[in-house]
Amino acid sequence: DYINSFVRFPVYDVHFGSVEAPVSPTLVIPHNLPDPIRVWPAPPEKGGLEVYFTGFSARAVLRQKEDNEWWKEMRAKWD
């Protein structure tokens, strides 16, 4: 598996509309890339990062119980 990190991309800095009235996206979801693990910036008002899993990685994550040490560690690192 490999990780595709988009955390440095300014995905929320794209403006739609006009110069006088720019419209910023409130939520940007990563497009359908074949990457098994994607790290994506969370909305600015939320802050932090979002981690997306696909394929084998997603199935492995789904098998973990919520009180599993892995989940606790992931939440501690990203909260």
Side-chain angles (χ1 to χ4, degrees):
D1 284 351
Y2 61 94
I3 298 172
N4 199 344
S5 176
F6 292 87
V7 297
R8 294 185 185 255
F9 290 141
V11 296
Y12 291 97
D13 291 343
V14 176
H15 294 287
F16 302 93
S18 66
V19 174
E20 297 81 25
V23 178
S24 298
T26 57
L27 179 64
V28 178
I29 305 251
H31 45 79
N32 190 14
L33 294 174
D35 309 317
I37 302 171
R38 278 174 263 157
V39 182
W40 198 258
E45 62 277 354
K46 182 179 177 186
L49 303 171
E50 296 177 345
V51 180
Y52 292 88
F53 298 93
T54 61
F56 176 77
S57 299
R59 289 188 295 276
V61 168
L62 287 173
R63 285 193 295 266
Q64 303 300 315
K65 295 182 179 178
E66 284 197 40
D67 61 348
N68 184 291
E69 283 299 315
W70 184 85
W71 278 117
K72 291 177 185 174
E73 187 176 333
M74 280 293 286
R75 288 187 178 111
K77 285 184 178 182
W78 303 106
D79 279 347

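- Cluster membership for Leu49 and Ile37, using ILVMFWY side-chain heavy atoms within less than 4.5 angstrom, is shared.
- What you find for Arg38 and Thr54 is that their closest heavy atoms are NH2-CG2, 2.9 Å.
- Under a hydrophobic-cluster definition in which Ile, Leu, Val, Met, Phe, Trp and Tyr are linked whenever side-chain heavy atoms come within less than 4.5 Å, directly or via other members, Phe9 and Trp40 are assigned to the same cluster.
- Atom CD of Glu45 has more than 12 neighbouring heavy atoms from other residues, nucleotides or ligands inside a 6.0 Å radius.
- Closest approach of Trp71 to Val61, counting heavy atoms only: CZ2-CG1, 3.3 Å.
- Contact record, Tyr12 with Pro43: OH-N, 3.4 Å, taken as the closest heavy-atom pair.
- Nearest heavy-atom pair, Gly47 versus Ala42, reported as atom, atom and distance to 0.1 Å: O-CB, 3.2 Å.
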